[in-house]
Amino acid sequence: MEGKMLICAVLLLVVLVSGNNAQLDVCGTAPLNTKIVGGEDAPAGSWPWQASLHRSGRHFCGGSLINNQWILTAAHCFSSTSTFGLVVYLGRDTQQGLNLNEQALGVSEVVRHPDYNDANSDNDITLLKLSSTVSFTNYIRPVCLAANGSDFQTGTTCWVTGWGTISSGVPLPSPQRLQEVTVPIVSQNTCRDAYSTLTSNMICAGLSEGGKDSCQGDSGGPLVSKNASRWVLGGVVSFGRGCAEPNFPGVYARVSEYEDWIKTQISSDQPGFVSFTGNGVSASSPSIAHSLPLLLCILPVLLPLFVLS
């Protein structure tokens, strides 16, 4: 019986968490993020994994801190793997003015996914190795990553953050304060109607009527959703037709497809990978089969309770 209970306990851990536990004690926690619904300007510290990538003193893409020395961003942000003049800002609130809580770090290595295809934006993902390790604070800490098999069901509520432009085709300046917007996951079939080149390595989010989306300058930034008490990175801002156009959702690199590749690139302090199931409507029912071994463990414990009652 003790051996059986041990197997069940191990199985429960496997269902809940995947990967090395080095970052699981801190990843995805945002002590200063207490809101339920969003606004436009993100309060300082709300998204402590948000990175601002700079060259020549200018912001050009976003990214996400995933452990104490690595940033996850988009491959299309980099035409080469040169680190010259590349600076990553963490804990940044505004692109102008004083940022009391930020850290600025150089980059020692740019690792683009070897199968990135700039024709259809497949495998649009890149890792940046920082030149030194990061000190975690309430304003700077890593996000958890969606593990293999995670299910971002249609309608799952997600958040996108960045300093990108706030409209498409209109000469408005980019916002100086970090922006946030909430968007639901769109089904693969619906998204494929908009983008015929969509692959299984991509995930889509947006409103059918438009009006909310990531835009130019947000590329490489995070698409996150909350799993119990932790925020989980489900996507990396990749591409879209215009910004916030009706029936053209934003497209993101699907993070769960890259767990194995990320683990092969990072030799220590592995990011925290978490099995995620969204709060929307699944297109199929694989989660039932996935949960069956766990149910078989729980039933022998619950059955005597029903008999006694």
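As a basis for the values below, the full set of heavy atoms in this structure was taken, side chains included, without hydrogen atoms, waters or symmetry mates. As the structure is a prediction and not an experimental result, all values here were calculated from the model.
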J.: Classify the side-chain pair Gln95/Ser52 by whether it contains a donor and acceptor separated by less than 3.5 Å.
T.: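 Yes, a side-chain donor-acceptor pair sits under 3.5 Å.
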J.: Would you indicate whether the side-chain heavy atoms of Trp261 and Pro114 approach each other to under 4.5 Å?
T.: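 Pro114 reaches Trp261 side chain to side chain.
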J.: Suppose we screen for salt bridge (Lys or Arg N to Asp or Glu O under 4.0 Å). Which residues come up paired with Asp122, at least two apart in sequence or across chains?
T.: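 Scan of Asp122 (salt bridge (Lys or Arg N to Asp or Glu O under 4.0 Å), adjacent residues dropped) gives none.
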J.: Is there a path of hydrophobic side-chain contacts, each under 4.5 Å between heavy atoms of I, L, V, M, F, W or Y residues, that connects Tyr89 with Leu130?
T.: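 Unlinked, Tyr89 and Leu130 end up in two clusters.
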J.: Could you check whether any side-chain N or O of Thr94 sits under 3.5 Å from a backbone N or O of Gly97, counting only pairs where one atom can act as donor and the other as acceptor?
T.: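 Checked: no pair found.
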J.: Judged by atom type as modelled, is there a donor-acceptor pair below 3.5 Å linking the side chain of Thr156 to the main-chain atoms of Gln153?
T.: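 Judged by distance alone, yes, a pair lies under 3.5 Å.
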J.: Which atoms form the tightest heavy-atom contact between Val183 and Ala205, and what is the distance?
T.: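 Scanning both residues completely, I find the closest heavy atoms to be CG2-CB, 3.7 Å.
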J.: Contact between Ser80 and Phe78 at the side-chain level, heavy atoms closer than 4.5 Å - yes or no?
T.: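 A side-chain contact is absent here, since even the closest heavy-atom pair is not under 4.5 Å.
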J.: Do Arg254 and Gln188 get their side chains close enough for a donor-acceptor pair, meaning under 3.5 Å?
T.: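 Result is yes, a qualifying pair exists.
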J.: Hydrophobic clustering (ILVMFWY, side-chain heavy atoms < 4.5 Å, transitive) - are Leu90 and Val87 grouped together?
T.: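 No; tracing contacts between hydrophobic side chains, which count when under 4.5 Å, never links both residues.
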J.: Does Thr190 offer a backbone N or O that forms a donor-acceptor pair with the side chain of Ser187 under 3.5 Å?
T.: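 Pair found, side chain donor or acceptor close to backbone of Thr190.
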J.: Side chains of Val255 and Val236: closer than 4.5 Å at any heavy-atom pair?
T.: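 Side chain of Val255 against side chain of Val236, heavy atoms only: contact under 4.5 Å found.
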J.: Between the side chains of Arg141 and Thr29, does any donor sit under 3.5 Å from an acceptor?
T.: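 The criterion, which ignores hydrogens and geometry beyond distance, is satisfied for Thr29 and Arg141.
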J.: Can you classify the ring geometry of Trp159 versus Trp47 as parallel (below 30°), tilted (30 to 60°) or perpendicular (above 60°)?
T.: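 Because their plane-to-plane angle lies in the 30° to 60° range, the rings of Trp159 and Trp47 count as tilted.
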J.: Do Ser219 and His76 have side-chain atoms, one donor and one acceptor, less than 3.5 Å apart?
T.: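 Checked: Ser219/His76 side chains pair up, N/O donor to acceptor below 3.5 Å.
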J.: Quick one: side chain to side chain donor-acceptor pair (under 3.5 Å) partners of Glu102, sequence neighbours excluded?
T.: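 Arg92.
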J.: Might you point out which heavy atoms bring Glu259 and Asn148 nearest each other, and give the distance in Å?
T.: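 Between these two residues, the closest heavy atoms are OE1-N, 2.7 Å.
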J.: Can you name the nearest heavy-atom pair linking Ala30 to Pro48, along with the distance?
T.: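 Looking at all heavy atoms of both residues, the closest pair is CB-CD, 3.7 Å.
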J.: Under a 3.5 Å distance rule, please check whether Ser82 uses its side chain to pair with a backbone N or O of Phe84 as donor and acceptor.
T.: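 Such a contact is found between Ser82 side chain and Phe84 backbone.
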J.: Would His54 and Phe60 satisfy ring-ring contact (aromatic ring centres under 6.0 Å, His included), going step by step from the backbone distance to the final call?
T.: CA-CA 6 Å; His54 283 233; Phe60 68 93; 7.9 Å; no
J.: In the single-linkage hydrophobic clustering (I, L, V, M, F, W, Y; side-chain heavy atoms under 4.5 Å), do Tyr116 and Leu53 co-cluster?
T.: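 No, Tyr116 and Leu53 fall in different hydrophobic clusters.
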J.: Is the backbone of Cys158 close enough, under 3.5 Å, to the side chain of Ser225 for a donor and an acceptor to pair up by distance?
T.: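 No: the side chain of Ser225 does not pair with the backbone of Cys158.
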J.: Between Met202 and Ser238, is there a side-chain heavy-atom distance shorter than 4.5 Å?
T.: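 No. Closest side-chain heavy atoms not under 4.5 Å.
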J.: Grouping I, L, V, M, F, W and Y whenever their side-chain heavy atoms are under 4.5 Å apart, do Leu105 and Val143 come out in a common cluster?
T.: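 Same cluster: Leu105 reaches Val143 through Ile, Leu, Val, Met, Phe, Trp or Tyr contacts under 4.5 Å.
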J.: Please give me the minimum heavy-atom distance between Pro142 and Val26, naming the atom from each residue.
T.: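 Looking at all heavy atoms of both residues, the shortest contact is CG-CG1, 3.9 Å.
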J.: Is there a donor-acceptor pair under 3.5 Å between the side chain of Gln103 and the backbone N or O of Asn101?
T.: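 No: the side chain of Gln103 does not pair with the backbone of Asn101.
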J.: Go through the side-chain N and O atoms of Thr197 and Asn120 and say whether any donor and acceptor fall under 3.5 Å apart.
T.: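 There is no such pair between these side chains.
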J.: For the residue pair Phe239 and Tyr195, does the interplanar ring angle fall in the parallel (under 30°), tilted (30 to 60°) or perpendicular (over 60°) class?
T.: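 Judged by the thresholds at 30° and 60°, the geometry between Phe239 and Tyr195 is perpendicular.
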J.: Report the C-alpha separation of Thr161 and Glu180 in whole Å, then their side-chain angles, then the decisive distance to 0.1 Å, and conclude whether the side chain to side chain donor-acceptor pair (under 3.5 Å) test is met.
T.: CA-CA 4 Å; Thr161 51; Glu180 60 183 23; over 6 Å; no
J.: What pairs with Gln69 under side chain to side chain donor-acceptor pair (under 3.5 Å), at least two apart in sequence or on another chain?
T.: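 With sequence neighbours excluded, Gln69 shows a side chain to side chain donor-acceptor pair (under 3.5 Å) to no residue whatsoever.
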J.: Would you say Val111 and Leu72 are hydrophobically clustered, going by side-chain heavy atoms of ILVMFWY under 4.5 Å?
T.: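 Linked within one cluster.
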J.: Which heavy-atom pair separates Val274 from Cys144 by the least distance, and what is that distance?
T.: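 Distance-wise, the nearest heavy atoms are CG2-CB, 3.9 Å.
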J.: Given side chains that start at C-beta, do those of Phe136 and Leu65 come closer than 4.5 Å, heavy atoms only?
T.: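 The answer is yes, as the side chains (C-beta and beyond) meet within the 4.5 Å cut-off.
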J.: Going by heavy atoms in the side chains, are Thr182 and Thr157 under 4.5 Å from each other?
T.: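 Touching, per the 4.5 Å side-chain cut-off.
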J.: Do the ring planes of Phe152 and Phe276 sit parallel (below 30°), tilted (30 to 60°) or perpendicular (above 60°)?
T.: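 Plane angle under 30°, so parallel.
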J.: May I ask you to decide if Asp115's main-chain N or O and Asn123's side chain share a donor-acceptor pair within less than 3.5 Å?
T.: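 Answer holds: yes.
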J.: Does a side-chain heavy-atom distance below 4.5 Å link Thr154 with Val186?
T.: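 Counting from C-beta outward, Thr154 and Val186 never come under 4.5 Å.
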J.: For the atom pair SG (Cys61) and CG (Leu86), what is the distance rounded to the nearest 0.5 Å?
T.: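 If I round to the nearest 0.5 Å, the distance is 10.0 Å.
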